[in-house]
Amino acid sequence: MPKRLTKRFFDRSVHEVAPDLIGATLLVNGVGGRLIEVEAYHQTDPAAHSFRGPTERNAVMFGPPGYAYVYRSYGIHWCLNFVCEAKGSASAVLIRAIEPTVGLAAMRRRRGIADERLLCSGPGRLCEALGITRAHNGLALDDPPFRLLARDGEAEVLTGPRIGITKAADKPWRYGEKGSRFLSKPFAAAATAIY
DNA sequence: TGCCCGATTAACT
DNA sequence: GTTAATCGGGCAA
């Protein structure tokens, strides 16, 4: 049986946690799937919400690791992050894509579409499919409604530039499963492979 | 206070 | 390829 991820798993550099999450299973109230694509953000990173210090929105990022940071994107969508590293380092992993495996009917109903590939491929889309809202901000990742299971075996992970940012756009802090059709965008052919 | 810009998405031309 | 939807934060006035 796959191992549950605890708060200790997240108490490491965000750049170690991010690739380790690829292939792990995320369920919210029993609905979800396999993590396919994530991005790392750190307080020293100009693209991070925490870069300019704590605000009401990003307060969870400044707390202990192993908790969910959920924020409103473009005033419309929700986006889910996992807080990493020791309290105060204000780093987090943005969850960008999931391969839906459990609760397909619930996800299709929430998204209003049938196409499996588009159910959870994108940070806003997966939050809609999993029913994630502001109510999940600050909740522990090792307790219900969350359920996180370590990946079973190895994964081929690619890295490349993050999506949709203008600051620090050159940093290769996007991580994703090689060849997955559930990526929000494919990786460049020259993307570095790590395991 | 007002204005601009986003870690986005779907529906346009 | 372009644009609307819509809200929190940053910053100028």
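Naming convention: chains lettered A, B, ... in sequence-line order (proteins, then strands); numbering from 1 in each chain.
Using the six-membered ring where Trp is involved, A:His136 and A:Phe146 have ring planes that are perpendicular, over 60° apart on the 30 and 60° scheme.
The CG-C1' distance, from A:Leu126 to B:dT9, rounds to 13 Å in whole Å. Between the CZ atom of A:Arg52 and the C1' atom of B:dA7 there is a distance of 13 Å, given to the nearest Å. The interatomic distance linking A:His49 (NE2) with B:dC5 (P) rounds to 16 Å, in whole Å. What separates CZ of A:Phe62 from C1' of C:dG9 is a distance of 13 Å, to the nearest Å. The CZ atom of A:Arg72 sits 17 Å away from the C1' atom of B:dC5 (whole-angstrom rounding). One interatomic measurement links the two molecules: NZ of A:Lys167 to C1' of C:dG9, which rounds to 10 Å at whole-angstrom precision. We find that OH of A:Tyr175 is positioned 15 Å from C1' of B:dA7, with the value rounded to whole Å. For the pair A:Trp78 CH2 and B:dG6 C1', the interatomic distance rounds to 16 Å; values are reported in whole Å.
Note on A:Leu94: a base of the nucleic acid sits closer than 4.0 angstrom, heavy atoms only. Nucleic acid contact class of A:Asn81 (heavy atoms, under 4.0 Å, all strands): base.
Distances shown here put a side-chain N or O of A:Thr55 below 4.0 Å from the OP1 or OP2 atom of C:dG9. Between A:His77 and B:dT9 there is no side-chain N or O to OP1 or OP2 distance below 4.0 Å. Close to C:dC7, at under 4.0 Å from its OP1 or OP2, lies no side-chain N or O of A:Ser73. Considering only side-chain N and O atoms, A:Arg57 lies nowhere under 4.0 angstrom from the phosphate OP1 or OP2 of C:dC7.
As rounded to the nearest Å, C:dG8 and B:dA10 have C1' atoms that lie 22 Å from one another. Across the C1' atoms, B:dA7 and C:dG1 are found 23 Å apart, a figure rounded to whole Å.
With C:dG9, B:dA7, C:dA5 as the choices, the nucleotide that has an atom nearest any side-chain atom of A:Ile76 turns out to be C:dA5. Of the candidate nucleotides C:dG10, C:dG8, B:dT8, B:dT8 has the atom nearest to the side chain of A:Tyr74. Of the candidate nucleotides B:dA7, C:dT6, C:dC11, B:dA7 has the atom lying nearest to any side-chain atom of A:Met61. Out of B:dA7, C:dG10, B:dT9, the shortest distance to the side chain of A:Arg125 is found at B:dT9.
Between A:Arg111 and A:Gly164, the residue anchored closer to the 5' end of DNA chain B is A:Gly164, taking for each the nucleotide with the nearest heavy atom. Along DNA chain B, the nucleotide closest to A:Tyr41 and the one closest to A:Leu118 are compared, and the more 5′ of them pairs with A:Tyr41.
Under the 3.5 Å distance criterion, the side-chain polar atoms of A:Asn81 are left unmatched by any main-chain donor or acceptor of A:Ala92. A donor-acceptor pair under 3.5 Å is absent between the side-chain atoms of A:Glu85 and the main chain of A:Pro65, judged by distance alone.
Under the 4.0 Å criterion applied to side-chain N and carboxylate O atoms, A:Arg162 and A:Asp45 are assigned as salt-bridge partners. Using a 4.0 Å cut-off between charged nitrogen and carboxylate oxygen, A:Asp142 and A:Arg147 do not count as a salt-bridge pair.
A stacked arrangement is not assigned to A:Tyr71 and the six-membered base ring of B:dA7, the conditions of a centre distance below 5.5 Å and an interplanar angle below 30° not being jointly met.
Base pairing of B:dA10 is made with C:dT3, judged by Watson-Crick or G-U wobble geometry with both donor-acceptor distances under 3.5 Å.
Ring to ring, A:Tyr71 and A:Tyr69 are close: their centroids are under 6.0 angstrom apart.
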